[in-house]
Amino acid sequence: MSQPKVVLAFSGGLDTSFCVKYLAEDRGYEVYSVLVDTGGFSDEELKTIEANAYALGVKQHATISKTKEYYNDCIKYLIFGNILKNNTYPLSVSAERIFQAVAVAEYAKEIGASAIAHGSTGAGNDQVRFDMAFRIIVPEAEIITPIRDLKLSREAEIEYLTAKGVSRDWTKAAYSINKGLWGTSVGGKETLTSDQYLPESAWPTQITKTEPERITLEFVGGELKGVAGETFENSVTAIQKLAEIAQPFGIGRDIHVGDTIIGIKGRVGFEAAAPLIIIKAHHTLEKHVLTEQQLYWKEQLANWYGSLLHKGQFVEPVMRNIETFLGDTQSHVTGKVHVYLAPHRFHVEGIESPYDLMSSKFGSYGEMNNAWTGDDVRGFSKVASNQVMIYGKVSDSVEK
């Protein structure tokens, strides 16, 4: 009788390495490990992870490259919506994890696995994101979560692997780094407190640039297509180019404090130079080319979109509805944005766009009106104030 198949979301770390041995040797599964690359791994890292997977005894390992899809199906809408969780965090890990979870689930469905597993603990957001994606896409598959269910300590996992003949340096780094296309998260002892900040040495990119620079970003239909005079057909490459220019300034560092899906508060450091600059530049351009109502309703829906994405609801149909709205607002979001970069900071200096509504043809704020007269404004003001004027008079007459 053939062994049942289990697909394991695999990173190559201690937890998922334990899962391979446990699932194969203690539970009797054929283990199919899968890593979803969304822009956070080098070719060398991917080869090492694959080699380690086979050394642990997986039946088959798959590396699924999803960076292009990650941008087209997710990051693009985070830009369109100018989405920053709690006005701070560009959802670097939140977006990546749920997107990876969906890809793992789709792979499990494709190969007909009877079970699907992940190495999350019971203390974070990722367990919910993976569980939800798996239940939605492969509801018939058993979900196995060894680390969460067995409540294992790192020491217990290392002892188990050593007994199984797996010898590797499992020394935990002082800081947990998760690198992706849309930013890098940084966790350490300081982020477990409410009052401490990460030291300079903890940040993945050290400051090597001290002389300020001015660059121009070019957007076409809301998407970044040009950086510092260079044009890119693929926006992923444009994002990577901007990160290369801006990260050495130490731009985009912060600590996000937020509400986890499981109801507790959490802190995480992050380094996201490109996302923060892109969102600020994109939003500035939008303020010039969109109407007041477009800006207002975009903000309302974008907040919902970001919140749902953070909570693992990427597959919820309303997300496609919101994406349609956000995408439809971008037809005029085309132009250049001039940005000033300096150590630890940046600011937008101005924009140029053929769709700029700040046009001197119609008037200059506080200076000159070209498309209306003083009498027009006098009449408008009278009509616009009518209802509140009537409200006041009626209130006064009743209360006397």
Side-chain angles (χ1 to χ4, degrees), residues 7-13 16 33-50 53 61-81 83 89-108 110 118 126 129-130 133 137 177-186 204-205 217 219-227 230-247 252 270-279 282 305-306 309-310 312 314-315 319-320 323 326-327:
V7 166
L8 170 66
F10 187 74
S11 68
T16 55
S33 58
V34 57
L35 182 147
V36 182
D37 180 18
T38 51
F41 297 94
S42 67
D43 290 341
E44 184 178 343
E45 288 170 331
L46 292 174
K47 289 177 183 177
T48 299
I49 291 170
E50 180 176 358
H61 177 81
T63 297
I64 303 176
S65 179
K66 286 285 186 179
T67 305
K68 184 178 179 180
E69 291 85 352
Y70 179 38
Y71 170 78
N72 286 327
D73 297 344
C74 189
I75 290 177
K76 182 171 71 176
Y77 298 104
L78 296 179
I79 297 171
F80 289 175
I83 294 171
Y89 179 52
L91 294 180
S92 305
V93 176
S94 311
E96 183 179 70
R97 282 292 183 269
I98 184 58
F99 195 87
Q100 291 169 335
V102 169
V104 170
E106 289 173 342
Y107 178 78
E110 179 184 323
H118 62 83
D126 287 345
R129 294 169 182 142
F130 278 106
I137 296 170
I177 308 293
N178 184 85
K179 182 181 179 182
L181 177 64
W182 204 234
T184 300
S185 68
V186 185
T205 306
L217 306 184
F219 290 88
V220 178
E223 297 188 67
L224 183 66
K225 294 295 184 180
V227 179
E230 192 173 351
T231 301
F232 302 89
E233 183 177 344
N234 186 341
S235 292
V236 169
T237 313
I239 293 169
Q240 293 168 333
K241 178 65 176 180
L242 178 57
E244 179 186 315
I245 293 171
Q247 281 176 185
F270 66 90
E271 177 182 275
L276 292 186
I277 293 170
I278 291 168
I279 287 173
H282 177 269
Y305 187 87
L309 183 64
H310 170 73
F314 179 71
V315 187
M319 299 291 274
R320 309 293 83 79
E323 288 165 0
L326 293 176

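Atom set for the values below is all heavy atoms of this structure, side chains included, hydrogens, waters and symmetry mates excluded.
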**OP:** Check step by step if side-chain contact (heavy atoms from CB on, under 4.5 Å) holds for Arg129 and Ser94.
**Re:** CA-CA 9 Å; Arg129 294 169 182 142; Ser94 311; 3.4 Å; yes
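- Checked by atom type and distance alone, the side chain of Thr67 pairs as donor or acceptor with a backbone atom of Gly39 at under 3.5 Å.
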Original post:
Yes or no on side-chain contact (heavy atoms from CB on, under 4.5 Å) for Ile79 and Tyr71, after CA distance, side-chain angles and deciding distance?
Top reply: CA-CA 10 Å; Ile79 297 171; Tyr71 170 78; 4.3 Å; yes
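- Residues Phe10 and Ser33 approach most closely at CB-CB, 3.7 Å, considering heavy atoms.
- Remark: Lys66 NZ to Asn72 CG distance equals 11.0 Å, nearest 0.5 Å.
- Between Lys47 and Glu44 no salt bridge is recorded (no basic side-chain N to carboxylate O distance below 4.0 Å).
- Across all their heavy atoms, Leu326 and Gly81 have their closest contact at CD2-CA, 4.2 Å.
- For the pair Met319 and Val315, the minimum side-chain heavy-atom distance is 4.5 Å or more.
- Leu78 places none of its side-chain heavy atoms less than 4.5 Å from the side chain of Pro90.
- One finds the CZ atom of Phe41 at 11.5 Å from the OG atom of Ser65 (value rounded to the nearest 0.5 Å).
- Side-chain atoms of Trp182 and Cys74, non-hydrogen and from C-beta on, never get closer than 4.5 Å to each other.
- Side-chain contact check for Ile75 versus Phe99: every heavy-atom pair is 4.5 Å or farther apart.
- Rounded to the nearest 0.5 angstrom, Leu35 CG and Leu8 CG are separated by 10.5 Å.
- Annotation for Ala246 and Ile277: closest pair CB-CD1, 3.5 Å, computed over non-hydrogen atoms.
- Proximity of Ile177 to Thr184: side-chain heavy atoms (C-beta onward) are separated by under 4.5 Å at one or more points.
- Nearest heavy atom pair, residue Pro275 against residue Gly183, reads CG-N, 4.2 Å.
- Smallest separation of non-hydrogen atoms from Ala95 and Tyr70: CB-OH, 3.7 Å.
- Between Ile239 atom CD1 and Leu181 atom CG the span is 5.0 Å, to the nearest 0.5 Å.
- Side-chain contact between His118 and Val104 is absent, with no heavy atoms from C-beta onward closer than 4.5 Å.
- Distance CG/Leu46 to NE2/His61: 7.5 Å, rounded to 0.5 Å.
- Contact of the Glu223 side chain with the His282 side chain is not registered, since no non-hydrogen atoms from C-beta on lie closer than 4.5 Å.
- Closest approach of Val36 and Gln100 over heavy atoms only: O-NE2, 3.2 Å.
- In summary, the side chains of Glu323 and Tyr305 do present a donor paired with an acceptor at a separation below 3.5 Å, with no hydrogens or angles considered.
- Within 6.0 Å of atom NZ in Lys179, 12 or fewer heavy atoms from other residues, nucleotides or ligands are found, so the atom counts as exposed in its surroundings.
- In this structure, Glu106 and Ile64 have side chains that are not in contact, with every pair of non-hydrogen atoms separated by 4.5 Å or more.
- Annotation: the span from Leu309 atom CG to Arg97 atom CZ amounts to 13.0 Å, rounded to 0.5 Å.
- Using a 3.5 Å distance cut-off with no hydrogens or angles, the side chains of Glu50 and Thr63 do not pair a donor with an acceptor.
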